[in-house]
Amino acid sequence: FRQIYGGIGEEVTSIAELGPEVLVELVARALRLTTVHKPPLKLPAGMAARHRICTDMASAIVKDLAYPGECGYSQLLYPTEASSRALLGFLVEKLPRSEEEAGEVLEGQGPGAR
């Protein structure tokens, strides 16, 4: 994830050290690369908007990428190390392996295409 998001400092050595803002940005960047969804990279200040954005992202993860685990807004806004590790591990497996695969997603032909 340091390759798709340079905002993770070298001092971060564990998933447990990632807060919800960083986790949401990582997940949003992964969704942008693996689906047709373009969620915002930053959480808004209002809690209602945060819940809506995280609910939409969780829905995309479950429906478009077929995430087998539990995923809802709470896993993104109130992450635990175990849920974050499972989710990020799953998303890493879904990331395009080449520029060609990334282009297919951008053109609407990849794994998240409708």
Side-chain angles (χ1 to χ4, degrees):
F1 275 100
R2 280 192 166 103
Q3 291 176 340
I4 64 169
Y5 173 61
I8 301 174
E10 293 298 322
E11 69 279 358
V12 176
T13 59
S14 169
I15 288 176
E17 297 173 20
L18 298 177
E21 291 80 11
V22 174
L23 178 64
V24 166
E25 185 165 352
L26 289 173
V27 171
R29 288 179 184 276
L31 284 173
R32 287 174 175 224
L33 291 171
T34 58
T35 70
V36 295
H37 297 279
K38 304 294 180 224
L41 297 176
K42 302 289 182 196
L43 284 172
M47 283 307 292
R50 285 177 173 235
H51 280 92
R52 184 178 33 61
I53 288 167
C54 288
T55 297
D56 292 346
M57 289 173 60
S59 178
I61 292 165
V62 171
K63 291 178 183 173
D64 294 351
L65 299 177
Y67 182 62
E70 185 176 332
C71 188
Y73 74 87
S74 60
Q75 280 75 22
L76 298 172
L77 285 179
Y78 313 106
T80 65
E81 183 174 8
S83 68
S84 296
R85 181 177 306 282
L87 180 58
L88 293 175
F90 173 81
L91 291 173
V92 164
E93 293 299 317
K94 296 294 184 178
L95 290 174
R97 301 286 182 237
S98 67
E99 293 293 323
E100 183 177 314
E101 286 180 20
E104 288 176 1
V105 171
L106 294 176
E107 293 171 11
Q109 302 169 14
R114 294 181 184 180

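Other residues, nucleotides and ligands contribute only 12 or fewer heavy atoms inside 6.0 Å of the CD atom of Glu70.
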Stepwise, does the side-chain contact (heavy atoms from CB on, under 4.5 Å) test hold for Leu65 with Leu91?
CA-CA 9 Å; Leu65 299 177; Leu91 291 173; 3.8 Å; yes
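One finds no salt bridge joining Glu21 and Lys42 here, because no Lys/Arg side-chain nitrogen approaches an Asp/Glu carboxylate oxygen to under 4.0 Å.
Cluster annotation: Leu77 is not connected to Val62 through the hydrophobic network of ILVMFWY side chains, with a link wherever side-chain heavy atoms come within less than 4.5 Å. Grouping the Ile, Leu, Val, Met, Phe, Trp and Tyr side chains by contacts below 4.5 angstrom, directly or via other members, places Tyr73 apart from Leu41. When hydrophobic clusters are built by joining Ile, Leu, Val, Met, Phe, Trp and Tyr residues whose side-chain heavy atoms come closer than 4.5 Å, directly or via intermediates, Phe90 is grouped together with Leu18. By the criterion of side-chain heavy atoms lying less than 4.5 angstrom apart, applied directly or through intervening Ile, Leu, Val, Met, Phe, Trp or Tyr residues, Val22 is grouped together with Ile61 in one hydrophobic cluster.
For the side chain to side chain donor-acceptor pair (under 3.5 Å) test, residues two or more places apart in sequence or in another chain that qualify with Arg85 are Glu81. Looking at residues two or more places apart in sequence or on another chain, you find a side chain to side chain contact (heavy atoms under 4.5 Å, CB included) between Pro39 and Ala28, Leu31, Arg32, His37, Met57.
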Give every donor-acceptor pair under 3.5 Å between a side-chain atom in residues 47-56 and any protein atom, sequence neighbours left out.
residue: Arg50; atom: NE; partner: Pro44; partner atom: O; Å: 2.7
residue: His51; atom: ND1; partner: Met47; partner atom: O; Å: 2.8
residue: Thr55; atom: OG1; partner: His51; partner atom: O; Å: 2.7

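Within the 4.5 Å cutoff, the side chain of Pro20 has no heavy atoms near those of the Leu76 side chain.
Distance check, rounded to the nearest 0.5 Å: CG of Leu87 to CG of Leu23 gives 6.5 Å. If you take OG1 on Thr80 and CD on Gln75, they are separated by 7.5 Å, rounding to the nearest 0.5 Å. Note: Lys94 NZ to Asp64 CG = 10.5 Å, rounded to the nearest 0.5 Å.
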